[in-house]
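Right, one structure below, let's go through it.
In what follows, chains carry the letters A, B, and so on, assigned in the order in which the sequence lines appear, proteins first and then strands, with residues in each chain numbered from 1.
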Amino acid sequence: MQAHATVRTTVSLESAAPIVRRRLLRWYDRHRRELPWRRNPPDPYATLVSEFMLQQTQVKTVLPYFERFMRRFPTLRSLASASIDDVLPFWAGLGYYRRCHHLHAAACAIVDRHQGRIPKDVEALRALPGVGAYTAGAIASIVFNVAVPAVDGNVCRVLARLRGDDPKSAGSRPLNEMLAARLVAPRRPGDFNQALMELGALICTPRSPDCPRCPLRALCPSRDRTAALPARRKTPPSESPRTLHVVALAILRKEQTFLVRRPDRGLWAGLYMWPTAECLPHADRDAVALNLCRRLLPRAAALPRHAGHVRHVLTHRTVHFDVYVVRVSVGARPTITGRWRLPTSPGTDPPLSTAQRKLEACLVSHASA
DNA sequence: TTCCAGGCTG
DNA sequence: CAGCCTGGAA
């Protein structure tokens, strides 16, 4: 019964495709936000950079990072010829650092495999690191006017509601992809895809859609159904994320502090952090810090002093940092490789994650206290 | 304070 | 399917 109704809705929507396109594009022409990567004609490289940054990240957050990034790496070749360590500082704080590694690798691949020109073909785009179905569709349609869909989270929600379906229901995704493929405007695919995303971001929002302002309200079976949206969960049905306890050691040498580089994969890939030692929840932190200190600086006489505590939450874990400080003499050299950095250098080099910036703030307030 | 949103990879 | 990160909303 439910399936039958869904099919009927889809069919009628497809017969209304010309109306959907017209209303959506008309609305987009009037209400689209002016964004630095939206140029006329579209800039292929700026589009590539923006699409990587916009994966899992909202426009407002991306804006300052995009501007800085484009000033430093204005062309695809300038990005490809830089080393990853020159690029990461411009991503530090934006999160999902694998995207930065992928973007850099994609730029290199485009230089190697496509003579430095971003490919038009969806398959060739998909073969680039960090480019999935959505990003390939977005670039092909926006930059090259190829009539393919680009279904991100926003579009998925808009189309599901347009079908009268719950966006979070299990089978929603493939149905939305099919509908998107049939709806996409053949003459203006890039604008059409961006219009759907813009609608999802500005009007058809997850929790409080502004149906009266929606250009598709007359066609939408979900209009004015905000009250039916599932309420926000109050008590966590799932267990809370795994908790990690860590002692971080800030080694201070004159005005400098010692940082180590994280591996190129996994958490905070390629970013820098203060040396740490994991410990059990009830471990004696002073002892763990002293142990870490002895391991890194066998000849240090000073004792590490507790500087504060930082809690940082990630998707699947919560990290508790106990921050310790130890001063060393000018000649001191830790037993592991790393880099010395000024305590609060205004630049972003070497790159620190948001978690490490919390530690930095902790150190600064401890130093001034 | 907790919850939620948001693409791609191995 | 788990892992990845942060900002903003509730």
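Look at NZ on A/Lys358: it is 11 Å from C1' on C/dC5, rounded to the nearest Å. Atom CG in A/Leu267 sits roughly 16 Å away from atom C1' in B/dT9 (whole-Å rounding). B/dG7 atom C1' lies 9 Å from atom CZ of A/Arg99, rounded to whole Å. Separating the CZ atom of A/Arg126 from the C1' atom of B/dG7 is a distance of 11 Å, rounded to the nearest angstrom.
Using a 4.0 Å cut-off between a side-chain N of Lys or Arg and a carboxylate O of Asp or Glu, A/Glu255 and A/Arg341 do not qualify as a salt bridge. The pair A/Glu177-A/Arg173 meets the salt-bridge criterion, with a side-chain N (NZ, NE, NH1 or NH2) lying under 4.0 Å from an Asp/Glu carboxylate O.
When the side-chain nitrogen and oxygen atoms of A/Thr57 are compared with OP1 and OP2 of C/dC5, none of them lie within a distance under 4.0 Å. Distances shown here put every side-chain N or O of A/Lys60 at or beyond 4.0 Å from the OP1 or OP2 atom of C/dG7. Listed pair A/Thr354 / C/dT6 meets the phosphate criterion, a side-chain N or O lying under 4.0 Å from OP1 or OP2. Residue A/Lys168 places no side-chain N or O under 4.0 Å from the OP1 or OP2 atom of B/dC4. Distances shorter than 4.0 Å separate none of the side-chain N or O atoms of A/His101 from OP1 or OP2 on B/dT9. Listed pair A/Arg265 / C/dC4 fails the phosphate criterion, with no side-chain N or O lying under 4.0 Å from OP1 or OP2. For A/Tyr97, a side-chain nitrogen or oxygen approaches OP1 or OP2 of C/dT6 to under 4.0 Å.
Nearest-nucleotide mapping onto DNA chain C: of A/Gly93 and A/Arg98, the residue sitting toward the 5' end is A/Arg98. Each of A/Val151 and A/Arg311 was assigned the nucleotide of DNA chain B with the nearest heavy atom; the assignment lying further toward the 5' end belongs to A/Arg311. The residue among A/Leu128 and A/Gln58 whose nearest nucleotide of DNA chain B lies closer to the 5′ end is A/Gln58.
Nearest to the side chain of A/Asp152, among B/dA5, B/dG7, C/dG7, sits B/dG7. Side chain of A/Arg207, nearest nucleotide from B/dT9, C/dT6, B/dA5: B/dA5. For A/Tyr134, taking side-chain heavy atoms from C-beta onward, the closest of the listed nucleotides B/dT9, B/dG7, B/dC4 is B/dG7.
Between the side chain of A/Gln56 and the base of B/dG7, at least one donor-acceptor pair of N or O atoms lies under 3.5 Å. The base of B/dG7 has none of its N or O atoms less than 3.5 Å from a complementary donor or acceptor on the side chain of A/Tyr96.
Side-chain contact, A/Gln56 with A/Arg99: no donor N or O sits under 3.5 Å from an acceptor N or O.
A cation-pi geometry, defined here as NZ or CZ lying under 6.0 Å from the six-membered ring centre and within 45° of its normal, holds between A/Arg68 and A/Tyr65. Relative to the ring axis of A/Tyr272, A/Arg339 places its NZ or CZ within 45° and under 6.0 Å from the centre.
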